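Here the structure comes first, spelled out in structure tokens, and everything after it is commentary.
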Amino acid sequence: MTKGIIMTRFASLASTSALALCLGAGAAQADITAQEVWTDLQAYMTGFGYDITATTAQSGDTLNVTDLTMSMEIPDAEGTVIIRMGDLALVDRGDGTVSLSIPASWPLEFDVAIAGEDPVSGRLSYLSEGMETVISGSPGDTQTTVGADSITVQLDEVTAEGETFGSDVFRVVIGMDDVAGTGTMKVGELREFDQSGSVAQVTYDIDVQPPEEEEDRLVLTGTLDNLAFAATGAIPQNTDMADMGAAVEAGFAVDASYSYGPTQAQFSFNDNGDTVNGTAGAATGSFAMMMNGDRLSYEAGGTDAKIDLTGSQLPFPVSLAMAETGFKLSVPVQPTDDPQDFELDVTLGGFQMSDMIWSLFDMQGVLPRDPATIDIDLSGQARLFMNLFKIEDEMSGMGMGQAPAMPGELHQVTLDGLLVEAAGARLTGEGSFAIDNTDMETFDGMPRPEGELNLTLRGANALMDNLVQMGLLPQEQAMGARMMMGMFAVPGDGEDTLKSTIEVNEQGHVLANGQRLR
């Protein structure tokens, strides 16, 4: 087996493990009797595109489910995923509630077949201690509680290219301690859900060593503490969830978030004698996503991230740190007559690197080594001409020889804030421009903007002096840069400070500090 094949199978293994972990949550969205639990579980998974087969038998207050198999076509890949699960039981507790029971060691088998590739199969174990899932409520309106002292998913074996390998070749173990969750679900035209939960600690242990590549090895271990998650949303009935455009039009919506911290990891990688070893971690992290028929948004962030590396191709240890990271994107998804708000924020704050890295280009310590920051906040208004989830289909459906259609147009762009700070220099700015899409002549086929941008630059001359001293910037280029700044900027408040106001007026004139440039 080649190492390339081994590595490319990890995505399939990861998705299969995630599906196994989610089975309990899926089954928890059930009803008040054991049979209704099973019926709703099938409807729930079928709604996501799975085919379900199983054998059921009632024994007293228990509905036993055996030979449970889930299969699914892989969209756009001409393939299938089949998952065979161990037995489970749904028990009427005699108090109007139902419990879901699985063995403490629950086997799962999977087969992944994709056209043009060798099939992959394997076996997982779903291990749990103190696990309890209880469903209450009434038909179509259920409440679920889930708890476990620990849950562990481990890869027992994998078969690829006709060879079977055990945990001595593929060790993949993911564990969770102190798991708790609650959820409600209401079923009507839409399946509406509201879920939240927590995990005290997530651990992972991955060790891959291809048998035919004795020197090659990947080892990754780590922990993630205080995981918390919450999600609300609606799932349409009898809709192909692989077609997100159709699903959203049918009412699909989700508003989900999770947070964690602290986290830490250790890793090592050997590729044909080239080695990389290191540690990574962060104090906190978060992610949020919202999607519905009107808007799509993503938001992510973290604090105090750090990575340390050593390697055979690195001349010295590398250490990098970031005090704050942030990303936010919010955009409309449907074509409308009126412009809609959008937002894009990116933050890379407090970036630091070790003195050894600085010494590669600044051995004498000429440049200030203060943390560097890039922070850009944009907002505005735009109008879409196409459904965001169907743009690719609409573009591909255009006839040969047709010019590509624009998916939308900007109406307003605002720079709410700009900060670029590094090596002793600091650039800040803000501004706003209205976009006239009816005027495509003033700027040669581009919509005409109107507005102004205000910028302040501090420490630029000192930075150029330092770069000249280090030999990184020729003196004549520094002089040319100073002349250029003199054309676009005027002295500001304080030493080594420049200010500039760039304006585009309604006549299409471009001015810098009142001086016309165009």
Side-chain angles (χ1 to χ4, degrees), residues 328-332 335-347 373-386 403-422 425-465 467 473-518:
K328 183 177 182 180
L329 174 67
S330 178
V331 295
T336 59
D337 294 332
D338 299 321
Q340 303 296 309
D341 294 338
F342 71 85
E343 184 177 359
L344 173 62
D345 301 340
V346 178
T347 300
T373 293
I374 298 176
D375 191 349
I376 303 172
D377 295 342
L378 287 171
S379 64
Q381 289 195 321
R383 186 165 73 92
L384 289 178
F385 302 146
M386 307 176 185
M406 294 296 293
E409 61 185 17
L410 290 172
H411 284 251
Q412 181 82 27
V413 178
T414 299
L415 179 63
D416 297 297
L418 169 67
L419 170 62
V420 179
E421 189 172 28
R426 176 185 175 92
L427 174 66
T428 59
E430 62 180 9
S432 182
F433 290 87
I435 310 298
D436 185 354
N437 292 278
T438 66
D439 183 354
M440 304 293 288
E441 298 179 359
T442 302
F443 285 88
D444 298 326
M446 299 293 293
R448 179 179 61 83
E450 182 181 345
E452 67 177 35
L453 173 65
N454 297 290
L455 300 171
T456 300
L457 179 60
R458 292 184 173 87
N461 285 297
L463 175 58
M464 284 190 287
D465 289 340
L467 294 177
L473 179 66
Q475 182 66 54
E476 59 272 17
Q477 292 185 15
M479 184 177 299
R482 287 188 172 96
M483 293 177 61
M484 185 65 67
M485 289 191 300
M487 294 176 57
F488 288 93
V490 296
D493 300 330
E495 185 179 356
D496 196 4
T497 300
L498 297 172
K499 299 176 67 175
S500 182
T501 298
I502 307 299
E503 180 184 0
V504 181
N505 62 24
E506 60 183 353
Q507 289 82 33
H509 301 159
V510 179
L511 302 96
N513 306 302
Q515 180 179 350
R516 183 172 171 180
L517 303 177
R518 178 188 183 277

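What you see is a predicted model; the values in this text were computed from it and never measured.
The local environment of CE in Met440 is crowded, with over 12 non-hydrogen atoms from other residues, nucleotides or ligands closer than 6.0 Å. Taking a 6.0 Å sphere around CD of Gln515, one finds it holds 12 or fewer heavy atoms contributed by other residues, nucleotides or ligands.
Here the closest heavy-atom approach between residue Pro332 and residue Leu384 is recorded as O-CD1, 3.3 Å. Shortest non-hydrogen contact noted between Ser432 and Gln412 is OG-NE2, 2.6 Å. Residues Phe433 and Pro449 come closest through the heavy atom pair CD2-CB, 4.1 Å. Residue Pro447 comes nearest to Ile435 through the heavy atom pair CB-CG2, 3.5 Å, listed as atom of the first residue, atom of the second, then distance. Considering every non-hydrogen atom in both Ala382 and Leu410, the closest pair reads CB-CD2, 4.1 Å. Across Thr442 and Gly508, no two heavy atoms sit closer than the pair CG2-CA, 3.8 Å.
Applying side chain to side chain contact (heavy atoms under 4.5 Å, CB included) to Leu418 and the options Leu453, Leu378, Asn454, Ile376 leaves one that passes, Ile376. Of the listed residues (Asn513, Leu455, Leu511), just one forms a side chain to side chain contact (heavy atoms under 4.5 Å, CB included) with Thr501, and that residue is Asn513.
From Glu343, atom CD reaches atom NZ of Lys328 across 4.0 Å, with rounding to the nearest 0.5 Å. Ile374 CD1 to Glu421 CD: the interatomic distance, rounded to the nearest 0.5 Å, is 11.0 Å. In this structure, CD in Gln340 is found 10.0 Å from NE2 in His411, a value given to the nearest 0.5 Å. Note: Leu419 CG to Thr373 OG1 = 6.0 Å, rounded to the nearest 0.5 Å. Rounding to the nearest 0.5 Å places CD of Glu450 at 7.0 Å from CG of Asn505. With values rounded to the nearest 0.5 angstrom, Glu503 atom CD is found 12.0 Å from Arg516 atom CZ.
Within the 4.5 Å cutoff, side-chain heavy atoms of Val331 are placed close to those of Leu329. No side-chain heavy atom of Asp436 sits less than 4.5 Å from a side-chain heavy atom of Phe443. For the pair Phe488 and Leu498, the minimum side-chain heavy-atom distance is 4.5 Å or more. Side-chain contact between Leu415 and Asp377: absent, with no pair of heavy atoms (C-beta onward) separated by less than 4.5 Å. Counting heavy atoms from C-beta outward, Thr438 and Arg448 have side chains that stay 4.5 Å or more apart.
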Show, in sequence, the C-alpha distance, side-chain angles and deciding distance for Arg458 and Asp493, and conclude whether the salt bridge (Lys or Arg N to Asp or Glu O under 4.0 Å) test is met. CA-CA 10 Å; Arg458 292 184 173 87; Asp493 300 330; over 6 Å; no
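Judged by distance alone, with hydrogens and angles left aside, the side-chain atoms of Asp341 form no donor-acceptor pair with the main-chain N or O of Gln381 at under 3.5 Å. Distance alone, capped at 3.5 Å, places no donor-acceptor pair between the Asn437 side chain and the Glu409 backbone.
Side-chain contact, Asp338 with Thr336: no donor N or O sits under 3.5 Å from an acceptor N or O.
Of the charged side-chain nitrogens involved, none lies within less than 4.0 Å of a carboxylate oxygen, so that Arg426 and Asp496 do not count as a salt-bridged pair.
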